[in-house]
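What follows is a set of notes on a single structure, which appears directly below.
Worth saying up front: this structure is predicted, and the values here are computed from it rather than measured. Hydrogens, waters and symmetry mates are skipped; everything else that's a heavy atom, side chains included, is used.
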Amino acid sequence: VVRAACERFGLDSVEIGIALFTIFYSAYGPHFKEQYDGLVHTLAFATLAKFAGFVVVGIAATTFLFGSPAEIYTRVMAEREHLVAFQSPVSISNSLGFVLIGAASVLLLPNQFYITIVQNRDLSELRTARWFVPLLLLGFCIFIMPLALIGSTVLPQSASADFYFL
């Protein structure tokens with residue numbers, strides 16, 4: 001029966017295994033204050049891996065592939081009449097909406113909620129997070145503008161901005 005269902009829906013045995021693991025693992029109901037350091041370490045490692053990958057791509061793009069940031073800026077300014085981003089006005093309401101969505105992510109995204117509410121042991125962890133998380137986000141933001149400028153000049157205008165990093 002399981003094999004027929006897998007063939008019908010195109011499921012792989014790995015996907016079935018992940019689904020079964022999720023079902024059985026979720027059935028175990030932890031106590032609200034039970035702490036799982038392994039999950040915290042996994043999320044921290046995933047964040048650091050993403051950060052390292054973003055920094056490597058950012059450094060490669062801004063130094064080795066497309067020249068220095070000054071050369072990228074000069075290239076973009078030479079082509080700014082043809083770039084859609086420079087032709088649309090800045091919307092304060094859109095910017096405010098993005099800030100509110102980002103602030104709400106602490107309560108809406110499962111990982112952030114779990115770390116902030118469940119794994120919080122004392123105020124010292126919140127104090128550390130208060131300066132470390134903005135510092136981490138600032139680190140991510142260093143290469144956003146150069147990568148966006150490179151993507152807007154290198155890729156066709158019909159390309160989505162989601163492809164700039166790729």
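Within the model, atoms OG1 of Thr62 and CD1 of Ile72 stand 6.0 Å from one another, a figure rounded to the nearest 0.5 Å. The structure places CG of Leu147 at 12.0 Å from CD1 of Ile142, a figure rounded to the nearest 0.5 Å. With rounding to the nearest 0.5 Å, the separation of CD1 in Ile101 from CG in Leu96 is 10.0 Å.
Every residue meeting the side-chain hydrogen bond (donor to acceptor under 3.5 Å, both in side chains) condition with Ser91, not counting sequence neighbours, appears here in chain and number order: Ser93. For the side-chain hydrogen bond (donor to acceptor under 3.5 Å, both in side chains) test, residues two or more places apart in sequence or in another chain that qualify with Ser124 are Asp122. Every residue was checked against the side-chain contact (heavy atoms from CB on, under 4.5 Å) condition with Phe45, not counting sequence neighbours, and none meets it. Listed by chain and residue number, Asn120, Leu123 satisfy the side-chain contact (heavy atoms from CB on, under 4.5 Å) test with Leu126 (two or more places apart in sequence, or in another chain). Contacts of Glu71 classified as side-chain contact (heavy atoms from CB on, under 4.5 Å), with partners at least two apart in sequence or in another chain: Ser68.
Every pair passing ring pair (Phe, Tyr, Trp, His ring centres under 6.0 Å) that includes a residue from residues 121-159 is listed here, sequence neighbours excluded: Phe51-Phe140, Phe54-Phe140.
At a threshold of 4.5 Å between side-chain heavy atoms, the hydrophobic network of Ile, Leu, Val, Met, Phe, Trp and Tyr places Ile144 and Phe98 in two separate groups. No chain of hydrophobic side-chain contacts below 4.5 Å, direct or via other Ile, Leu, Val, Met, Phe, Trp or Tyr residues, connects Val56 to Ile59. Val133 and Val99 are assigned to two separate hydrophobic clusters, defined by single-linkage of ILVMFWY side chains at heavy-atom distances under 4.5 Å. Hydrophobic clustering (ILVMFWY, side-chain heavy atoms < 4.5 Å, transitive): Leu48 and Val55 are in distinct clusters.
Of all heavy-atom pairs spanning Pro134 and Ala129, the tightest one is CD-O, 3.7 Å.
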